[in-house]
Amino acid sequence: MPYFISKTNGCHFESVTLNRPKARNALCTPLFRELNAALQRFDQDPEIGATVITGSNSAFAAGADIKEMKDLTFSDAYTTDFIELWSAQTTAIKKPIISAVNGYALGGGCELAMMADILYCSSSATFGQPEIKLGIIPGAGGSQRLTRAIGKSRAMEMILTGRSISGTQAGEWGLAARVFESSEKCLEAALDTAAEISSKSKVAVKAAKEVVNKSQELGLRDGVEYERRVFHSLFGSQDQKIGMKAFVEKNQNPAWTD
Ligand code: CAA
C-alpha cells in the first residue's frame, strides 16, 4: 500500500493524504522520502500552485517511527544525519504548503504540520511534542517552530511535560491559522485556500512565501529591506503589469502569465 495518496485537483493544486493507518501515520523514513519526492515534483510542475498535506480523521501523524528509531546508536543517527532530510527538504519547497490536521499530530507529526506555511485543524485535533516521555527531545524543528508559534513558556510546558493541546487551544495560541468543527470542514477549507492561492500570480506567490519566511530568520530592519528588494524586483514581472492594468480596467480576473 502506498504511504500516501496524491490527488491533482483540476490541475492547479495537489493534495497528499498520509496513508499508514496501522501505525497512525507514523513517519518512517520511506514515507518521508516519498513525501519529499512528491513535494519536489509538485514544486517543479508549472501547473501546480499549492499543496495540501493531510492525514486521516484520527491521525495526521503520530510522529517519527519509534520502532524504526529504537535501536539507533548515536553514531548511526549522527553519521546518517537522521531526520535532517525531513525538515531540510520539506522546508526547501518554494510553493505554499497547507497542513490540514485532524486527530493526532504528535512529535514529528506536529513538526511536519508546523513546517507547512499555513496550518488548519479541527477543534478535536491533538498537538503535542511527547518526545520527553521517550527519553529524547523533538528532532525535526519542534523546539524552534513551536516556540516561535506559541511563545517560550507554553512551548516549554508542552516540551518538558509532553502534554498535548487540543485543536481549539492551538487556534487560541496561534499555532493554527483557523480551527474547524469537523475534519471534513477542515480539509474542505484547506483545499479552498489552496485553490485560491493557485489562482494568483505564481511569481508573486513565490516571492510572498520567500519574504514571510525571511521574517523568521532576519531582524526587522534587514527583513524590511529584504522585502523591499523583492518588491522592487516584481516590477520586472509581466504579472505586475497584468495585475495593475486589470485593477485600473476593473477586470476582476486577470490572466496571469509568469
Ligand atoms: N511510531 C511507531 N509506531 C507507532 C507510532 C509511532 N510514533 N505511533 C503509533 N504507532 C503504532 C503503535 O505501536 C500501534 O502498533 P501495533 O498495533 O503494532 O501495536 C499502532 O500504531 C496503533 O497505536 P496505538 O494502539 O497506540 O493507538 P491509540 O489510538 O491507542 O494511540 C497514539 C494513538 C496516542 C498516537 C499513540 O499511538 C502514541 O502515543 N504514539 C506515539 C506518539 C509519540 O510518542 N510520538 C513521538 C515520536 S518521536 C518523534 O517524533 C521524534 C521527532 O521529533 C522527529
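Numbering of ligands and ligand atoms starts at 1, following listing order.
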*Asks:* Is atom 36 (C) of ligand 1 near the protein, in the sense that some protein heavy atom lies at less than 4.0 Å from it?
*Replies:*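 Within 4.0 Å of atom 36 (C) of ligand 1, no protein heavy atoms are found.
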*Asks:* For Glu172, I'd like to know if atom CD has over 12 heavy atoms of other residues, nucleotides or ligands within 6.0 Å.
*Replies:* yes
*Asks:* What protein heavy atom sits nearest atom 33 (C) of ligand 1, and how far off is it?
*Replies:* Tyr104 CE1, 3.7 Å
*Asks:* Please list the nearest protein heavy atom to atom 38 (C) of ligand 1 with its residue and the distance rounded to 0.1 Å.
*Replies:*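 Nearest neighbour among protein heavy atoms for atom 38 (C) of ligand 1, to 0.1 Å: Leu106 CD1, 4.6 Å.
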*Asks:* Provide the number and element of each atom of ligand 1 under 4.0 Å from a heavy atom of Gly107.
*Replies:*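 Result: 46 (C), 50 (O).
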*Asks:* Once you restrict to heavy atoms under 4.0 Å, what part of Ala26 touches ligand 1? Side chain, backbone, both or neither.
*Replies:* side chain
*Asks:* Can you tell me how far CD of Gln89 sits from CZ of Phe32, rounded to the nearest 0.5 angstrom?
*Replies:*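 Interatomic distance, Phe32 CZ to Gln89 CD, rounded to 0.5 Å: 9.5 Å.
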*Asks:* Heavy-atom pairs closer than 4.0 Å: do any link ligand 1 to the side chain of Leu134, the backbone, both, or neither?
*Replies:*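 Side chain only; the backbone of Leu134 stays clear of ligand 1.
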*Asks:* List the residues meeting side chain to side chain contact (heavy atoms under 4.5 Å, CB included) with Ser58, not counting sequence neighbours, and say none if there are none.
*Replies:*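 Ser58 satisfies side chain to side chain contact (heavy atoms under 4.5 Å, CB included) with Ser56 only.
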*Asks:* Tell me which one of Gly139, Ala105, Ala62, Gly63 gets a heavy atom nearest to atom 43 (C) of ligand 1.
*Replies:*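 It is Ala62 whose heavy atom sits nearest to atom 43 (C) of ligand 1.
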*Asks:* Just by modelled atom types, is the Arg20 backbone N or O under 3.5 Å from a matching donor or acceptor in the Asn25 side chain?
*Replies:*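 Side chain of Asn25 to backbone of Arg20: a pair is present.
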*Asks:* In the protein, which heavy atom is nearest to atom 1 (N) of ligand 1, and how far is it?
*Replies:* Ile66 N, 2.9 Å
*Asks:* Heavy-atom contacts with Ile83 under 4.0 Å: which atoms of ligand 1 show up? List them by number with element.
*Replies:*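 What qualifies from ligand 1 is 54 (C).
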*Asks:* Return the CZ to CD distance between Arg221 and Glu225, rounded to the nearest 0.5 Å.
*Replies:* 6.5 Å
*Asks:* So, regarding Gln129 and ligand 1 (criterion: nitrogen or oxygen to nitrogen or oxygen, under 3.5 Å), is there a contact or not?
*Replies:*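 No, Gln129 has no N/O under 3.5 Å of an N/O on ligand 1.
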*Asks:* Determine the minimum heavy-atom distance between Lys95 and Phe42, stating which atoms define it.
*Replies:*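 Where Lys95 meets Phe42 most closely, the heavy atoms are NZ-O, 3.1 Å.
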*Asks:* Between Tyr78 and Phe74, how do the two ring planes meet: parallel, tilted or perpendicular, split at 30° and 60°?
*Replies:*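 Plane angle under 30°, so parallel.
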*Asks:* I'd like a table of donor-acceptor pairs (distance under 3.5 Å, sequence neighbours excluded) in which one partner is a side-chain atom from residues 135-159, with atom names and distances.
*Replies:*
from   : atom 1 : to     : atom 2 : distance (Å)
Thr147 : OG1    : Ser143 : O      : 2.4
Glu157 : OE2    : Arg163 : NH1    : 3.2

*Asks:* What is the minimum heavy-atom distance between Gly167 and Val179, and which atoms define it?
*Replies:*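 Minimum heavy-atom separation between Gly167 and Val179: O-CG2, 3.5 Å.
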*Asks:* For atom 2 (C) of ligand 1, which candidate among Leu27, Ile136, Asn25, Asp65 holds the nearest heavy atom?
*Replies:* Asp65
*Asks:* Check ligand 1 against Glu111 and write out every atom of the ligand that is under 4.0 Å from a heavy-atom position of the residue.
*Replies:*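 Taking each heavy atom of Glu111 in turn, ligand 1 has 52 (C), 53 (O), 54 (C) under 4.0 Å.
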*Asks:* Hey, which atoms in ligand 1 end up nearer than 4.0 Å to a heavy atom of Pro138?
*Replies:*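 By the 4.0 Å cutoff, the relevant atoms are 53 (O).
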*Asks:* Mind checking the OG-CZ spacing from Ser183 to Phe60? Nearest 0.5 Å is all I need.
*Replies:*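 One gets 12.5 Å once the value is rounded to the nearest 0.5 Å.
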*Asks:* Could you work out, for atom 13 (O) of ligand 1, the closest of Lys133, Lys67, Lys22 by heavy-atom distance?
*Replies:* Lys67
*Asks:* Run the side chain to side chain contact (heavy atoms under 4.5 Å, CB included) test on Asp239 and Thr257 for me, step by step, so that the C-alpha distance in whole Å, both residues' side-chain angles and the decisive distance to 0.1 Å come before the verdict.
*Replies:* CA-CA 6 Å; Asp239 282 352; Thr257 63; 3.7 Å; yes
*Asks:* For atom 4 (C) of ligand 1, tell me which residue out of Ala23, Cys28, Cys110 has the closest non-hydrogen atom.
*Replies:* Ala23
*Asks:* Counting heavy atoms only, which of Glu68, Glu131, Met69, Arg24 is nearest atom 25 (O) of ligand 1?
*Replies:* Arg24
*Asks:* Is there at least one protein heavy-atom neighbour under 4.0 Å from atom 30 (O) of ligand 1?
*Replies:* no
